[in-house]
K.L.:
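The structure that follows is given in the form of structure tokens.
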Amino acid sequence: MYYSSGNYEAFAHPRKPKDADKKSAYIIGTGLAGLTAAFYLVRDGQISGDRIHVLEKIDIAGGSCDGRKDVTKGFYMRGGREMDNHFEVMWDVFKDVPSIETEGVTVLDEYYWLNKEDPNYSLCRASQNRGESAHTDGKFTLDKKSAMALSKLFITSEDELEDKKISDVLPDEFWDTNFWLYWQTMFAFQKWSSALEMKRYLCRYVHHIDGLPDFSALRFTKYNQYESMILPLVKYLEAHGVAIEFGMDVKNVIIDTDEHDRKVAKELIILKNGVEEKIALSEDDLVFITNGCCTDTSCYGDQHTAPDLSEIKDGYGESWDLWKNIAKQDPSFGHPEKFCSDVSKTNWESATVTTLDDKIIPYITNICKRDPRSGKVVTGGIVSCQDSKWLMSWTINRQGQFKEQDKNQVCVWVYGLFTDVPGDYIKKPMKDCTGKEITEEWLYHLGVPVEDIEDLAEHSAVCVPTMMPYITAFFMPRTKGDRPDVIPDGCVNFAFLGQFAETPRDTVFTTEYSVRTAMEAVYGLLGVDRGVPEVWGSVYDVRELLDSSVKLMDGMSPLEIELPGPLNALKKPLLRVVKGTVVEKLLRDHNVIKDGMLD
């Protein structure tokens, strides 16, 4: 397996790998990573679909990419997916997955056209004082100390950031900046999250710094993530003879390590309908393991019932049990306890609110300045209630978000980062609230008159809350080896997939990370002779670096920042050196050199 960039490799079709006809595959989990592994086995591995076994415990595919209607609760989705034009692997997949709505076009075609015709951007990034604009006004409001610390984080090596929290590397002043408001609410980072992962995000998305305040960097699917991404991928696999086997609860993968450190998966241990089964494996049987799951042990409530939290406890969950059983067999298979041992630091709660009439709509329109029933961009990303004790944010994507949704209904996704503190209107922690109570708190922050809140929450909306104990488990501080490599050294016939496998430079909590690990796993085990697209290299593009350096300081050039004495004295001599050169033009094009600086 090797990395590549450019159209030469991207447009090429690889030859059929050697001995592909001898191979079979077992894929554990039907999240985006597992389904993508099956896709690459079919398209580039050229393995017959009837030799690919996709194993899933529950009765529906998709993993964390859900979106469905419960006849007793209503519509719900645990989360959404914010996507980027440089998700190189994801678009490599969906350029070949047919649309299930429009004959003759692909999922990528539909997505591209939609986001070209209806580009995403927000008209109100944050609110305060019950529905008033917080007037973030596209500013980052970084003070000099915070800007310097952020710059230092950007250039610090990953080795130096192992097991460090964000609060270990950024000053107290940083938490009061708009940058942190944007960052925390958009990505769900906390002060105790991994400084290493924050560095990766900074480097990975430096080309989108200017789109952070208004979400103009983002692109969204037409429907929820399940109907827009998972269903077309499942249909593609079914058309190629791949069957998903439901009710297959994989408990362990038995791995043998010989005297030459060759690691071979020998057996799958599975519970099927409560009965243990064992599947013997040869070296020609490839095993793809989804280790860990951010939505493990998710708990659902409904309009009048809070989620039942009685089963939530540190380290508990079937995906963690599987990974722990595998990790016991070799240190290179990772350390799941680093991620699943403190649910107080890894949880947050979301809720799907569906409006039932027109009464709430004006309060939504007052904030987002758009008609939520237009079928076009509505909020353009989350609106964060800056003064919310729960740090509540909410978003409305293009409606309808569900194909079954009534055209007069609006589905709103709400989430709170602080689930264990009383709210501003509802004086109890979010985690203990019913759907109605969460709706009441949301309506309070929309600016609905207090005397109308309870009635609207009861009769004009229905809400399904979801508590997710491990939703940011992958953000916990880590060190090298805590996540297994996609293909650890010596592995012959198995690989790891998903958000808890290690691949260089890319960032977790993204669709791209899942599909990238899948592509690397299939290409690595099969020896597919085609490059895996490298992570987009904007961090190495001087133009993007110059742009971001100015935009992060709200238009102030680095040359306008007061530096320590000797460094400040060097500015004028350096400017004289570049005067009249292409370097001067480059610096002017990106607003580093401004009029009068060379006088």
K.L.:
How about NZ on Lys403, more than 12 heavy atoms from neighbouring residues, nucleotides or ligands closer than 6.0 Å, or not?
P.N.:
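Atom NZ in Lys403 is packed in, count exceeds 12.
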K.L.:
For Gln405, is there any backbone N or O sitting under 3.5 Å from a side-chain donor or acceptor partner on Gln409?
P.N.:
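Answer holds: no.
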K.L.:
Just list the side-chain donor-acceptor pairs under 3.5 Å for residues 10-19, sequence neighbours left out, or say none.
P.N.:
from  : atom 1 : to    : atom 2 : distance (Å)
Lys16 : NZ     : Asp21 : OD1    : 2.6
Lys16 : NZ     : Asp21 : OD2    : 3.4

K.L.:
Sort out for me which residue in Lys95, Met83, Met519, Arg516 forms a side chain to side chain contact (heavy atoms under 4.5 Å, CB included) with Met90.
P.N.:
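The passing option is Met83.
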K.L.:
If you look at every heavy atom in Phe94 and Leu233, which pair is closest and at what distance?
P.N.:
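Scanning both residues completely, I find the closest heavy atoms to be CZ-CD2, 4.5 Å.
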K.L.:
Got a donor-acceptor contact below 3.5 angstrom from the Glu9 side chain to the Ser4 backbone?
P.N.:
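Side chain of Glu9 to backbone of Ser4: no pair is present.
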K.L.:
Regarding Asp70 and Tyr76, is there a side-chain donor-to-acceptor distance under 3.5 Å anywhere?
P.N.:
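Their side chains do not contain a donor-acceptor pair, so the 3.5 Å distance test is not met.
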K.L.:
Without swapping roles, check the side chain of Ser99 against the backbone of Thr102 for a donor-acceptor pair under 3.5 Å.
P.N.:
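Yes, Ser99 side chain to Thr102 backbone: donor-acceptor pair under 3.5 Å.
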K.L.:
May I ask you to say whether Asp284 pairs ionically with Arg51, meaning some side-chain N is under 4.0 Å from a carboxylate O?
P.N.:
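Arg51 and Asp284: not salt-bridged.
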K.L.:
Between Thr30 and Glu56, is there a side-chain donor-acceptor contact under 3.5 Å, judged purely by atom types and distance?
P.N.:
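Per modelled atom types, Glu56 and Thr30 side chains form a pair under 3.5 Å.
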K.L.:
Report yes or no: do Asp109 and Thr106 form a side-chain donor-acceptor pair below 3.5 Å?
P.N.:
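Note: Asp109 and Thr106 side chains meet the donor-acceptor criterion.
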K.L.:
Hey, are Glu502 and Arg200 close enough for a salt bridge, meaning a charged N less than 4.0 Å from a carboxylate O?
P.N.:
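Here Glu502 pairs with Arg200 in a salt bridge, since their nearest N and O are under 4.0 Å apart.
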K.L.:
Could you check, using the six-membered ring where one of them is a Trp, whether Phe509 and Phe187 have ring centers closer than 6.0 angstrom?
P.N.:
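When the ring centroids of Phe509 and Phe187 are compared, they turn out to be at least 6.0 Å apart.
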K.L.:
On a heavy-atom basis, which atom in Asp482 and which in Lys338 lie closest, and how many Å separate them?
P.N.:
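Heavy atoms only, the tightest pair is OD2-NZ, 2.6 Å.
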K.L.:
Give a yes or no answer on whether the side chain of Glu245 reaches the backbone of Val54 with a donor-acceptor pair at less than 3.5 Å.
P.N.:
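Judged by distance alone, no pair lies under 3.5 Å.
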